[in-house]
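Heads up: the structure comes next, in structure tokens.
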Amino acid sequence: MLETPFHSEKASMSDYDFDLFVIGAGSGGVRASRMAAGFGARVAVAEDRYLGGTCVNVGCVPKKLFAYAAHFAEDIADAAGFGWDIASPDFTWARLLENKNQEITRLNGIYHNLLTSAGVSLINGRARLQDAHHVVVGETTYSAERILIATGGWPFIPEFPGREHVISSNEAFFLDALPQRTLVVGGGYIAVEFACIFEGLGCESRLLYRGDLFLRGFDKGIREHMAQTLGNKGLELTFNADVERIDKQADGSLQVTLNNGETIATDLVLYATGRRPHLDGLGLENTAVTLDDKGFIAVDTDYQTTEPSIYAIGDVTDTLQLTPVALAEGMALARRLYKPDEYVPVDYNDIPTAVFCIPNIATLGLSEEDARAAGHKLRIFESRFRAMRNTLAGRSEQSFMKLVVDQQSDRILGIHMIGPDAGEILQGLAVAVKAGATKAVFDATLGIHPTAAEEFVTMRTPTRED
């Protein structure tokens, strides 16, 4: 159970330097800090790298900026079909990098102002737990009634000969030069996104995944359609293989030997094989905090660890590793501790998400496979079509849309899409699904014509049902 909620008349709390000490100024930590301070708590946050965490600095934000840059290659090529003659387009990696860095610096400043204007004490340095109520940063020890761990995740690269020659997504945002040839290892969001970015920016790119098909956990229709689409774009896909060793050559290039005996010559290898909780040097051993069998901090439904005064949110816990989830958890915890009359628990159902590859993927709710496994009788609606802008461009690429509908209740259980602006479209539909929309509601909704989005309200005939 949680401790007694915060009250402004707090005599015993004066024994501590802070009511809440947050370790990590990423999405979840910043949100929890700001909200708790706004509710009257004395809050400090310690950060040793960059304000805004992974998302702002080496994640969502710079990744999408890079994805925009990569997409311009197709936009420029398509322009001819619409009457535009663009002579000798040239891409400058250094300019993209400089402009990206300026934008991230601007966002860092915004986060700094958000924290300080809320009255949060910002402490620069890596924090280490001394015990259940004390945190050490540098040479200074701080006491706190409660401590929140929000240090996020860190790229995981397995051990193998030549591991020192690879980079993670962290370093990919700061490359001195764009390589001619790239190999991306992995099959999740980050791997697919970076493979598309490198390919779009003109690199000879290859994606290597040890499984049968990338994007495990996504709807099978999405996975299969995306594999075909990326293959048609010229991105080389290799499944059911893994790296055995990497050797650096005299000219600086890399020779990658796979476990199937194949060798690949490349200039850069990016490993996107998952992320682990960033807990190194945190001092958890000085507390009663425990980890679960996956290595995440174990918490209850109120984000309280096995050390009653210590909480954890975001990617250090076994939750969905998405920025909006960490934000929601930070908000919920601040309210639960310091404004309990406004507390609303996080609803982890029907969370929309997007993969900013080219074209985009967006997904919401249950996949067809998960819905069947849960015992639902389904009606499946699918549509594959060439988006209007691809017609004059002469591009054969097809969008893919899918609705997963429960036969008995007619409720929409899942929505999945591949195509331009998929994330923008699914965000609006997420509201409808959260409100309990049925297929009949979708059918009664008039579409906006001509758009791709109208396809979701004009699919009438099931592709299959059981």
Side-chain angles (χ1 to χ4, degrees), residues 60 63-64 66-68 70-71 73-75 78 169 182-201 203-241 270 272-274 322 351-371 380-387 389-390 393 395-404 414-427 429 452-453 455-456 459 463:
C60 322
K63 170 197 68 183
K64 193 167 185 183
F66 279 15
Y68 279 136
H71 208 294
E74 288 189 357
D75 292 341
D78 291 349
S169 56
T182 64
L183 173 67
V184 179
V185 182
Y189 286 71
I190 298 172
V192 175
E193 288 168 338
F194 267 102
C196 288
I197 288 169
F198 286 134
E199 178 71 22
L201 294 179
C203 305
E204 297 175 18
S205 300
R206 185 168 183 172
L207 179 62
L208 172 71
Y209 179 52
R210 64 182 181 179
D212 294 332
L213 190 61
F214 53 31
L215 296 172
R216 181 168 56 89
F218 282 72
D219 186 272
K220 185 179 180 182
I222 288 284
R223 301 170 72 196
E224 293 177 340
H225 188 93
M226 199 66 200
Q228 180 179 358
T229 299
L230 295 184
N232 291 341
K233 285 179 177 291
L235 178 63
E236 189 169 357
L237 304 175
T238 301
F239 298 124
N240 295 309
L270 187 155
T273 48
L322 298 171
I351 295 175
T353 186
V355 185
F356 294 107
C357 44
I358 303 173
N360 292 176
I361 296 172
T363 185
L364 162 69
L366 296 177
S367 67
E368 179 179 350
E369 296 74 36
D370 287 343
I380 303 298
F381 298 81
E382 292 179 338
S383 178
R384 292 173 175 82
F385 60 94
R386 188 163 63 148
R389 67 162 291 161
N390 288 338
R395 191 175 294 278
S396 61
E397 179 178 297
Q398 288 193 325
S399 295
F400 172 74
M401 294 182 176
K402 181 173 184 175
L403 294 174
V404 180
I415 306 179
H416 311 281
M417 177 180 175
I418 295 174
D421 300 316
E424 307 291 344
I425 294 171
L426 261 290
Q427 180 64 81
L429 295 181
E455 195 74 13
F456 277 121
M459 289 189 281
T463 306

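Bear in mind the structure is a predicted one, so any value in this text is a computation, not a measurement.
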Taking atom CG of Leu235 and atom CD of Glu204, what is their separation to the nearest 0.5 Å?
-> 12.0 Å
Any residue meeting ring-ring contact (aromatic ring centres under 6.0 Å, His included) with His71, in chain and number order, not counting sequence neighbours | none
Search all heavy atoms of Ala227 against all heavy atoms of Leu213 and return the closest pair with its distance.
-> CB-CD1, 3.8 Å
Closest non-hydrogen contact found for Ser383 with Met459 is CB-SD, 3.6 Å
Report the distance from atom SG of Cys357 to atom CG of Leu215, rounding to the nearest 0.5 Å.
-> 7.0 Å
Test Phe239 against Phe214 for side chain to side chain contact (heavy atoms under 4.5 Å, CB included), laying out the working first.
-> CA-CA 8 Å; Phe239 298 124; Phe214 53 31; 3.9 Å; yes
The side-chain hydrogen bond (donor to acceptor under 3.5 Å, both in side chains) partners of Ser169 (sequence neighbours excluded) come to none
Do the side-chain N and O atoms of Asp421 and Asn360 include a donor-acceptor pair separated by under 3.5 angstrom?
-> no
Pairwise distance CD1(Ile197) to CG(Leu270) - rounded to 0.5 angstrom = 9.5 Å
Show me the side-chain donor-acceptor pairs of residues 182-196 shorter than 3.5 Å, one per line, residues at least two apart or across chains.
from: Thr182; atom 1: OG1; to: Ser205; atom 2: OG; distance (Å): 3.0
from: Tyr189; atom 1: OH; to: Thr353; atom 2: OG1; distance (Å): 2.9
from: Glu193; atom 1: OE1; to: Lys63; atom 2: NZ; distance (Å): 3.3
from: Glu193; atom 1: OE2; to: Lys63; atom 2: NZ; distance (Å): 3.2
from: Glu193; atom 1: OE2; to: Phe356; atom 2: N; distance (Å): 2.8

Single hit among Arg386, Lys233, Arg384 for salt bridge (Lys or Arg N to Asp or Glu O under 4.0 Å) with Glu397 = Lys233
Shortest non-hydrogen pair, Ile425 vs Pro420, comes out as CD1-O, 4.2 Å
To the nearest 0.5 angstrom, please state how far the OG atom of Ser399 sits from the CZ atom of Arg389.
-> 11.0 Å
Quick one: list whatever passes side-chain hydrogen bond (donor to acceptor under 3.5 Å, both in side chains) with Arg223, sequence neighbours left out.
-> none
Do any pairs count as a salt bridge (Lys or Arg N to Asp or Glu O under 4.0 Å) and have a residue in residues 351-361, sequence neighbours left out, and if so which ones?
-> none
Heavy-atom nearest pair, Ile222 first then Ile418, reads O-CD1, 3.4 Å
Hey, does Asn232 have a side-chain heavy atom less than 4.5 Å from the side chain of Ser396?
-> no
Taking all non-hydrogen atoms of both residues, which atom of Leu364 and which atom of Leu426 are closest, and how far apart?
-> CB-CD1, 3.8 Å
Exercise: identify the closest heavy-atom pair between Ala422 and Ile361 = CB-C, 4.1 Å
Between His225 and Phe400, what is the ring plane arrangement, given parallel below 30°, perpendicular above 60°, and tilted in between?
-> parallel
Could you check if a side-chain atom of Thr238 sits within less than 4.5 angstrom of a side-chain atom of Arg206, using non-hydrogen atoms only?
-> yes
Would you say Arg395 has more than 12 foreign heavy atoms packed within less than 6.0 Å of its CZ?
-> yes
Check whether any side-chain heavy atom of Phe218 lies under 4.5 Å from a side-chain heavy atom of His416, and answer yes or no.
-> no
In this structure, CG of Leu208 is separated from CD of Glu236 (nearest 0.5 Å) by 10.0 Å
Separation of Asp75 CG from Tyr68 OH (nearest 0.5 Å) = 11.5 Å
Please list, chain by chain and in numerical order, all residues satisfying side-chain hydrogen bond (donor to acceptor under 3.5 Å, both in side chains) with Glu368, sequence neighbours excluded.
-> Arg372, Lys402, Arg464
